[in-house]
Asks: 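Just passing along the structure, written as structure tokens.
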Amino acid sequence: MIRAALAALAITLPGAALAQSVAERLNDYPTEARADYVFGCMAANGQNRQVLRQCACSIDEIAAILPYDAYVEAETVLSLRLTGGERMAVFNSSVAANTLVAELRRAQAEAEVVCFF
């Protein structure tokens, strides 16, 4: 009887671990990052309830398309591009940096279509 219980537990644990990793993957953006995006989006699009819904939808769509680590890297590149100087030139011309930003822009465009139209 104990062996049967242990076998059932061993079978269920991998499934539970898999379900948790899927949930974590789908919600890997911290609340602070989501809120920061929504605040910036509302500042650009208006300060009303409808825009709040659209901006929240937008970050949810971006999170579904782009892993959080890629989002952070792309936002970092965009932030560094605002800084002038020769040291920052690598972020303007690097293929890797351009790819990161292009993926973020694609995710934002898809989110805009889904949430704002």
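Atom set for the values below is all heavy atoms of this structure, side chains included, hydrogens, waters and symmetry mates excluded. Sequence positions, counted from 1, serve as the residue numbers for this chain.
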Asks: Can you tell me if CD on Glu32 sees more than 12 non-hydrogen neighbours from other groups inside 6.0 Å?
Replies: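 For Glu32, atom CD is not crowded (no more than 12 foreign heavy atoms under 6.0 Å).
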Asks: Do the non-hydrogen side-chain atoms of Tyr68 and Pro30 ever get within less than 4.5 Å of each other?
Replies: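 They are in contact (side-chain heavy atoms under 4.5 Å apart), so the answer is yes.
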Asks: Indicate, with yes or no, whether the SG-to-SG separation of Cys115 and Cys57 is under 2.5 Å.
Replies: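 The answer is yes, since Cys57 and Cys115 bring their SG atoms under 2.5 Å apart.
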Asks: Are side-chain heavy atoms of Tyr29 and Pro67 found at a separation under 4.5 Å?
Replies: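 The answer is no, as the side chains (C-beta and beyond) never meet within the 4.5 Å cut-off.
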Asks: Same cluster or not: are Leu104 and Leu80 linked, directly or through other Ile, Leu, Val, Met, Phe, Trp or Tyr residues, by side-chain heavy atoms under 4.5 angstrom apart?
Replies: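 Hydrophobic grouping puts Leu104 with Leu80.
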Asks: Heavy-atom distance under 4.5 Å between the side chains of Ile62 and Gln108, does that happen here?
Replies: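 Yes, close enough: below the 4.5 Å cut-off.
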Asks: So do the side chains of Tyr37 and Asp60 get within less than 4.5 Å of each other, counting heavy atoms only?
Replies: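 Side-chain contact under 4.5 Å: no.
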Asks: Report the distance from atom CG of Asp36 to atom CD1 of Ile59, rounding to the nearest 0.5 Å.
Replies: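 These two atoms lie 9.0 Å from each other.
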Asks: Which heavy atom of Val38 sits nearest a heavy atom of Leu52, and at what distance?
Replies: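 Scanning both residues completely, I find the closest heavy atoms to be CG1-CD1, 3.7 Å.
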Asks: Using a 3.5 Å distance criterion without hydrogens, assess whether the side chain of Gln47 forms a donor-acceptor pair with backbone atoms of Met42.
Replies: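 Between the backbone of Met42 and the side chain of Gln47 there is a qualifying donor-acceptor contact (under 3.5 Å).
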Asks: With side chains defined as the heavy atoms from C-beta onward, is the minimum distance between Arg105 and Leu78 less than 4.5 Å?
Replies: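 Yes; the side chains approach each other to less than 4.5 Å.
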Asks: Just by modelled atom types, is the Gln54 backbone N or O under 3.5 Å from a matching donor or acceptor in the Ser58 side chain?
Replies: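 Answer holds: no.
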Asks: Decide whether Val72 and Val101 are clustered together by the hydrophobic rule: side chain heavy atoms of Ile, Leu, Val, Met, Phe, Trp, Tyr closer than 4.5 Å, transitively.
Replies: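 In one cluster: yes.
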Asks: Given 3.5 Å as the limit, does a donor-acceptor pair link the side chain of Thr99 with the main chain of Val95, or not?
Replies: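 Yes: the side chain of Thr99 pairs with the backbone of Val95.
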Asks: Below 4.5 Å, heavy atoms only, C-beta onward: do Leu100 and Thr76 meet side chain to side chain?
Replies: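 Not in contact.
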Asks: Any non-hydrogen side-chain atom of Ile65 less than 4.5 Å from a side-chain atom of Arg106?
Replies: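 When only atoms from C-beta onward are counted, Arg106 and Ile65 do touch, with a gap below 4.5 Å.
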Asks: How long is the straight-line distance from CZ of Arg34 back to CZ of Phe39, given to the nearest 0.5 Å?
Replies: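 The CZ atom of Phe39 sits 14.5 Å away from the CZ atom of Arg34.
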